[in-house]
Student: 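I'd like to ask you about the structure that follows.
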Amino acid sequence: MDLVVLAVVFIVALVLLSLFLKFVPVPLWINARAAGVEGVNPGSLIGMRLRKVPQDRVVSPLIAAVKAGVPVNVNQLETHYLAGGNVDRVVSALISAHRAQIPLSFEKAAAIDLAGRNVLEAVRMSVDPKVIETPVVAGVAKNGIEMKAFARITLRANIDQFVGGAGEQTVLARVGEGIVTTIGSADTHKDVMERPDSISKTVLAKGLDAGTAFEILSIDIADVIVGQNIGARLQTDQAEADKKIAQAKAEERRSMAVAREQEMKAYTQEMQAKVVEAQAQIPIAIAEALAAGRMGVMDYYNMRNLQADTDMRSGISKLSAGDAESGPSASTGAQS
C-alpha cells in the first residue's frame with residue numbers, strides 16, 4: 001500500500017514538474033534573477049504563457065534594459081507587446097537615448113513606436129543628424145533667366161514632435177518652395193550666381209521645420225545651374241501669338257473686302273440689267289407714240305438722223321483723240 005501511494009505521489013510530482021517546465025522557462029528565469037530583474041517570477045511567466053506572449057520577447061529586452069540602467073518593468077513591456085509594438089526596438093532606443101543623455105521616457109518611446117515611426121532611428125538621428133538632398137529645383141529671376149539649384153539639408157530628429165510631426169517629404173517641399181521664392185526675388189540671375197549662400201540663409205530663416213518631426217540644422221546649396229531664358233521665350237511666344245491674331249484680323253478684313261466687292265459686282269450687274277430693261281422700253285414707247293399719233297414719221301426720221309449725226313461726231317472725236325496721242329511717237333519714228 002505504501003508503494004502505491006509513493007508511486008502515485010511520484011507520478012503527480014512528475015506531472016506537476018513537467019507542467020511547470022512547460023509554462024516556466026527555467027533558464028530564462030535564472031538569467032532574470034541573476035541580472036537582478038524584479039517582477040519576473042514563475043507566476044508572471046505563467047501569466048505570459050497564458051496570455052500567449054512569448055516570454056523571451058519580453059524578458060530578454062527587460063534584462064538588457066536593467067543592465068543598462070533604464071527604468072522599465074515587465075508589465076510595461078508586456079503591455080506594449082500586446083498593443084502590437086516592437087519591444088526590442090523600444091528598449092534599444094531607450095538604451096541609446098540613455099547612453100547619449102537624451103531625455104526619452106518609456107511612454108513617449110512606446111507612443112512613437114505604436115504610431116508607426118522608427119523610434120530607434122529617431123534616437124540615432126538625434127545623435128547623428130541625417131543629410132537629405134532635394135531634387136533639382138527651378139526658379140526664375142526677375143530678368144527672366146531660369147536658375148536650377150539643389151540643396152543638402154541636415155536634419156536632427158525632434159523627439160518631442162516625432163508623434164504627429166510632418167515627415168521628410170514636407171521638409172523637402174518647404175525647402176523647395178523657399179528656394180523658388182528666393183530665386184524669384186533676385187533682380188538678376190547674376191545675383192544668385194554670386195551669392196548662392198543667400199538662398200540657404202533666406203530659406204533657413206523662414207523656420208521651415210515648424211510642425212515637423214525634425215530640426216533643420218543647415219541648408220547648403222550644392223550647385224546652381226543657369227537654365228533657359230524664360231523671359232525671352234515668353235516674349236517670343238507672346239509675339240507669335242500677337243502675329244497670329246493680327247493675321248487672323250487681316251484675313252477677316254480681306255474676306256469682308258472680297259465679300260463687299262462681290263456684292264458691288266452683283267449690284268452693278270443689277271443696275272446694268274435695269275438700264276437694258278429701260279432701253280428696251282424706248283422702241284415700245286416710240287411705237288406707241290406713232291400708233292397714237294403723238295409722233296409723226298418725219299419726227300421719227302429726224303430723230304434717227306440726229307442720233308446718226310451724234311454717233312458720227314462721237315466716232316470722229318475718238319479718232320482725233322487717238323491720232324493726237326499717237327502723233328508724236330509716229331513722227332519720232334519717221335525721223336529716226
Side-chain angles (χ1 to χ4, degrees), residues 37 39-40 44 47-135 137 150-179 203-204 206-219:
V37 178
V40 177
S44 62
M48 291 182 196
R49 186 61 181 270
L50 294 176
R51 287 186 290 271
K52 297 181 180 180
V53 176
Q55 295 146 330
D56 59 332
R57 297 289 298 275
V58 174
V59 176
S60 296
L62 181 60
I63 294 173
V66 171
K67 284 294 185 181
V70 177
V72 292
N73 56 60
V74 64
N75 291 328
Q76 289 176 324
L77 298 184
E78 186 179 357
T79 302
H80 187 65
Y81 178 85
L82 291 173
N86 190 320
V87 177
D88 291 330
R89 189 159 56 194
V90 170
V91 172
S92 298
L94 290 172
I95 295 173
S96 299
H98 181 72
R99 297 293 187 190
Q101 297 182 353
I102 298 174
L104 178 63
S105 64
F106 174 81
E107 288 74 14
K108 185 174 289 294
I112 294 174
D113 185 64
L114 292 176
R117 296 287 182 89
N118 192 330
V119 62
L120 181 57
E121 182 181 355
V123 174
R124 289 174 178 172
M125 284 186 63
S126 298
V127 178
D128 184 17
K130 181 180 180 181
V131 178
I132 60 176
E133 291 187 357
T134 65
V137 181
F150 70 93
R152 293 187 176 94
I153 309 168
T154 304
L155 299 176
R156 181 170 60 193
N158 189 341
I159 300 296
D160 294 333
Q161 296 183 359
F162 218 75
V163 176
E168 295 181 7
Q169 296 301 321
T170 300
V171 175
L172 290 174
R174 290 181 181 180
V175 172
E177 180 184 356
I179 293 175
V203 175
L204 191 60
K206 292 180 179 293
L208 302 180
D209 52 4
T212 66
F214 307 98
E215 178 185 356
I216 299 178
L217 299 180
S218 67
I219 299 176

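Position 1 is the first residue of the sequence; numbering continues from there.
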Student: Minimum heavy-atom separation for A93 to L104, with atom names?
Tutor: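 In this case the closest contact between A93 and L104 is O-CD2, 4.2 Å.
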Student: Please give me the minimum heavy-atom distance between F162 and I112, naming the atom from each residue.
Tutor: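 So the two residues come closest at CD2-CG2, 3.6 Å.
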Student: For the atom pair CG (N118) and CZ (R124), what is the distance rounded to the nearest 0.5 Å?
Tutor: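 Here the interatomic distance stands at 7.5 Å.
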Student: Measure the shortest side-chain to side-chain distance between I216 and L155 over non-hydrogen atoms and say whether it is less than 4.5 angstrom.
Tutor: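 Sidechains of L155 and I216: in contact.
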Student: Compare every heavy atom of V123 with every heavy atom of S96, then report the nearest pair and how far apart it is.
Tutor: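 Between these two residues, the closest heavy atoms are CB-CG1, 3.7 Å.
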Student: Check whether any side-chain heavy atom of T212 sits under 4.5 Å from a side-chain heavy atom of N158, and report yes or no.
Tutor: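 In short, these two side chains do not touch, never coming nearer than 4.5 Å.
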Student: Got V37 and V59 here, is their nearest side-chain heavy-atom distance under 4.5 Å?
Tutor: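 They are not in contact (no side-chain heavy atoms under 4.5 Å apart), so the answer is no.
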Student: Drop me the distance from D56's CG to M48's CE, to the nearest 0.5 angstrom.
Tutor: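 It is 10.5 Å, given to the nearest 0.5 Å.
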Student: Does atom CD of E215 have more than 12 heavy-atom neighbours, drawn from other residues, nucleotides or ligands, at distances under 6.0 Å?
Tutor: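 It does: E215 CD has more than 12 such atoms within range.
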Student: For G39, is there any backbone N or O sitting under 3.5 Å from a side-chain donor or acceptor partner on S44?
Tutor: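 Side chain of S44 to backbone of G39: a pair is present.
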Student: Do the non-hydrogen side-chain atoms of D209 and V171 ever get within less than 4.5 Å of each other?
Tutor: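 A side-chain contact is absent here, since even the closest heavy-atom pair is not under 4.5 Å.
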Student: Testing the basics here: between A210 and R174, what is the closest heavy-atom pair and its distance to 0.1 Å?
Tutor: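 Looks like O-NH1, 2.6 Å.
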Student: Quick one: does any side-chain atom of E78 pair with a main-chain N or O of N75 as donor and acceptor, under 3.5 Å?
Tutor: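 No; judged by distance alone, with no hydrogens or angles, the pair does not exist.
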Student: Would you find a donor on one side and an acceptor on the other, under 3.5 Å apart, between the side chain of R89 and the backbone of D113?
Tutor: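 Checked: no pair found.
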Student: Ignoring hydrogens, what is the shortest heavy-atom contact between I219 and A151? Give both atom names and the distance.
Tutor: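 Nearest heavy atoms, I219 then A151: CG2-CB, 4.1 Å.
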Student: Checking side-chain contact (heavy atoms from CB on, under 4.5 Å) against F214, which of R156, M125, Q161, K130 comes through?
Tutor: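 One option only clears the test, and that one is M125.
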Student: Kindly indicate whether the side chain of R57, heavy atoms from C-beta on, has any atom under 4.5 Å from the side chain of V87.
Tutor: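 Heavy-atom side-chain distance check fails, nothing below 4.5 Å.
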Student: Got V70 and V91 here, is their nearest side-chain heavy-atom distance under 4.5 Å?
Tutor: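 They are not in side-chain contact.
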Student: For residues V119 and K108, determine if any side-chain heavy atom of one lies less than 4.5 Å from a side-chain heavy atom of the other.
Tutor: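 Sidechains of K108 and V119: no contact.
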Student: I would like to know whether I179 and F150 meet side-chain contact (heavy atoms from CB on, under 4.5 Å); could you show each step before the answer?
Tutor: CA-CA 9 Å; I179 293 175; F150 70 93; over 6 Å; no
Student: Compare every heavy atom of A109 with every heavy atom of L94, then report the nearest pair and how far apart it is.
Tutor: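 Answer, listing the atom of L94 first, then A109: CD2-CB, 3.9 Å.
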Student: Going from CG on L208 to OG1 on T170, what distance comes out if it is rounded to the nearest 0.5 angstrom?
Tutor: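 Output value for this atom pair is 11.5 Å.
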Student: Take L114 and H80, measure what side-chain contact (heavy atoms from CB on, under 4.5 Å) needs, and give me the verdict at the end.
Tutor: CA-CA 9 Å; L114 292 176; H80 187 65; 3.7 Å; yes
Student: To the closest 0.5 Å, what do you measure between NZ (K67) and CD1 (I95)?
Tutor: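 Output value for this atom pair is 12.0 Å.
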